[in-house]
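Take a look at the structure below.
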Amino acid sequence: MTAIRMVSSVLLLVLMQSGALCARRFRGGRNPQPRRSPPPTRADRGDTTESFPLDFTAVEENMDNFMTQVKNLAQSLYPCSAQKLDYDMKLNFLENTTVTCNDGSPAGYYLKESRGSRRWLIFLEGGWYCFNKENCDSRYETMRRLMSSSKWPQTKTGTGILSPLPEENPHWWNANMVFIPYCSSDVWSGATAKTEQSGYAFMGSLIIQEVVKDLLTKGLDNAKVLLLAGSSAGGTGVLLNVDHVAELLEGLGHTGIQVRGLSDSGWFLDNKQYQCTDCVDAVTCTPTETIKRGIKYWGGVVPESCRQTHEGEEWNCFFGYRVFPSIKSPVFVVQWLFDEAQLTVDNIQLTGQPVQEGQWRYIQNLGIELRNTLKDVPAMFAPACLSHEVITRNYWIDIQVKGTSLPRALHCWDRSLNDNRNNKAPPKGCPVHLIDSCPWPHCNPTCPTIRDQFTGQEMNVIQFLMHMGFDVQKMAQQQGMDPSKLLGMLSSGS
């Protein structure tokens, strides 16, 4: 036992020294890692453990138990060590096997624990949806990963807000990370088992609840904050489920967990399409028509207060600006003002020929409509960019609105919620309501890079606007300025 204690002491010193070195690397020391370098693969890390000139003879009989204790010690001592030892999120299937993916295969989640952290982030994946037997059959043939767990990998590496790297994820890197794959095709709203008539199970809402129940046995019961996040259909899923999660935890006696929502690219409009087409699938139908059909097919569940407000027309609750007033939990909304998925369902095609003047006006009006629906949302980040989804992209830290990055805005929101609970004044110079005021796509210079679909070449703002049919002379005349001045403003993102 004396030998074990002695070796433990030596290893403790080694771990503390390596932890300090790791801290300097992660927190901007002399040799910081490149910000976007991909995480090392297992081959890069190697399968052998680093050796030290120590004599383990005295503890050979207890080696397995001893090394387990050392690993646990490393993880609790310094989160950096935990990432090296257990970098990826690992697949877990639900304990309740009656809650399934569309095809009846088991639903599940990926988990990366962060020992010592009382913050949990649960992410809902996106991926459109289907709303009748025909287009669900087609989806099953072409996108089976989004309807079945049969070929899910055993591990998954987090990126963006799910990344364990502080340089890519400055404020949430050491949280417990959970990724729930989307395999219910119902915008995370369904609560219906597989039937002969539908041919599929739609259990998105139940999957979320079962994941939360399973996580309570893995440390969530000791959580301080649970952030339910999601992108695209997952972002809409956050709006539909964040209060359900809060009510579930409260009903199970976990009243001390603060449940919050982060909805990315899930704030869709039920607006009129630019051109009406036959309703064949989720892309060609109007947003309202697909949801009207889908909610019946899925047995969709919406927040109770929203259901009461829109009784008989519960489909309204799938649109952010209609459901948001009824949500009790704090929610941060991230939404591109010119969302590609919104433009797709509105039948605006941005490939091939430059857009026509009518399409250009429609696109600008879309930005105006989105701004109007977001003006009363207290915590939001809305850049004037043409894109879709952002919080799991590795460039998410580069996007800014009025000089504030998205991670910074989320950190300010976190602080403001904590200050509200402690009756403190909100921090100064820490904005949480950020929306671009410039009127056209990509007028924000920090927008993601756009590439020409056919050549693959990067396009600057002017090239992109020209490609879309933007008339500099005409716009300058309307604005009462010299065309060269307008071009300069476009180049700088003014």
Exam field: side chain [X] to backbone [Y], donor-acceptor pair closer than 3.5 Å:
{"X": "Asn169", "Y": "Ile161", "answer": "yes"}
{"X": "Ser405", "Y": "Arg408", "answer": "yes"}
{"X": "Asp214", "Y": "Leu94", "answer": "no"}
{"X": "Asp264", "Y": "Gly230", "answer": "no"}
{"X": "His442", "Y": "Pro448", "answer": "yes"}
{"X": "Lys375", "Y": "Asn372", "answer": "yes"}
{"X": "Asp88", "Y": "Lys90", "answer": "no"}
{"X": "Ser138", "Y": "Asn135", "answer": "no"}
{"X": "Thr236", "Y": "Gly266", "answer": "yes"}
{"X": "Ser205", "Y": "Ala191", "answer": "no"}

Mind checking the [atom1]-[atom2] spacing from [X] to [Y]? Nearest 0.5 Å is all I need.
{"X": "Asp186", "Y": "Ile291", "atom1": "CG", "atom2": "CD1", "value": "10.0 Å"}
{"X": "Asn316", "Y": "Glu311", "atom1": "CG", "atom2": "CD", "value": "12.5 Å"}
{"X": "Phe123", "Y": "Tyr110", "atom1": "CZ", "atom2": "OH", "value": "13.5 Å"}
{"X": "Ile208", "Y": "Ser184", "atom1": "CD1", "atom2": "OG", "value": "8.0 Å"}
{"X": "Phe338", "Y": "Cys443", "atom1": "CZ", "atom2": "SG", "value": "6.0 Å"}
{"X": "Ser263", "Y": "Gln335", "atom1": "OG", "atom2": "CD", "value": "7.0 Å"}

Quick check: closest heavy atoms across [X] and [Y], and the distance to 0.1 Å?
{"X": "Leu434", "Y": "Ala409", "result": "CD1-CB, 3.8 Å"}
{"X": "Phe179", "Y": "Pro181", "result": "O-CD, 3.4 Å"}
{"X": "His310", "Y": "Cys317", "result": "CD2-SG, 4.1 Å"}
{"X": "Asp346", "Y": "Lys272", "result": "OD1-O, 4.4 Å"}
{"X": "Asp436", "Y": "Ala384", "result": "OD2-N, 2.8 Å"}
{"X": "Tyr129", "Y": "Ser185", "result": "CB-O, 3.2 Å"}

If you define the side chain from C-beta out and look only at heavy atoms, does anything of [X] sit under 4.5 Å from [Y]?
{"X": "His244", "Y": "Val301", "value": "yes"}
{"X": "Trp188", "Y": "Leu240", "value": "no"}
{"X": "His388", "Y": "Ser232", "value": "yes"}
{"X": "Ser163", "Y": "Asn394", "value": "no"}
{"X": "Thr290", "Y": "Val345", "value": "no"}
{"X": "Thr446", "Y": "Pro383", "value": "no"}
{"X": "Glu369", "Y": "Leu269", "value": "yes"}
{"X": "Tyr297", "Y": "Lys133", "value": "yes"}

Tell me yes or no: between the side chains of [X] and [Y], is some donor less than 3.5 Å from an acceptor?
{"X": "Asp270", "Y": "Tyr321", "result": "yes"}
{"X": "Ser148", "Y": "Asp103", "result": "yes"}
{"X": "Ser329", "Y": "Asp243", "result": "yes"}

For this session: Indicate yes or no: does Arg119 engage Asp414 in a salt bridge with an N to O separation below 4.0 Å.
Result: yes

For this session: Considering only NZ, NE, NH1 and NH2 on the basic side and carboxylate oxygens on the acidic side, decide whether Arg145 and Glu125 come within less than 4.0 Å.
Result: yes

Seminar exercise, completed: Only one of Val238, Ile122, Val212, Ile257 passes side chain to side chain contact (heavy atoms under 4.5 Å, CB included) with Val245, and that residue is Val212

Seminar exercise, completed: In Tyr182, Tyr200, Trp152, the residue satisfying side chain to side chain contact (heavy atoms under 4.5 Å, CB included) with Cys101 is Trp152

For this session: For side chain to side chain contact (heavy atoms under 4.5 Å, CB included), just list the numbers for Leu146 and Trp128, CA-CA rounded to whole Å, side-chain angles, deciding distance to a tenth of an Å, and then say yes or no.
Result: CA-CA 9 Å; Leu146 295 173; Trp128 292 92; over 6 Å; no

Problem set entry | Pair Met380-Trp267, side chain to side chain contact (heavy atoms under 4.5 Å, CB included): steps then yes or no | CA-CA 11 Å; Met380 45 146 293; Trp267 188 276; over 6 Å; no

Exercise. Where do Val302 and Val323 land on the side chain to side chain contact (heavy atoms under 4.5 Å, CB included) test, with the steps shown first?
Worked result: CA-CA 9 Å; Val302 300; Val323 70; over 6 Å; no

For this session: Take atom NZ of Lys224 as the centre, draw a 6.0 Å sphere, and report whether it contains more than 12 heavy atoms from other residues, nucleotides or ligands.
Result: no

Problem set entry | All pairs passing side-chain hydrogen bond (donor to acceptor under 3.5 Å, both in side chains) where residues 298-308 contributes a residue, at least two apart | Glu304-Arg307, Glu304-Gln308

For this session: Could you go through the side chain to side chain contact (heavy atoms under 4.5 Å, CB included) check for Thr100 and Met203 one step at a time?
Result: CA-CA 7 Å; Thr100 69; Met203 295 186 160; 4.2 Å; yes

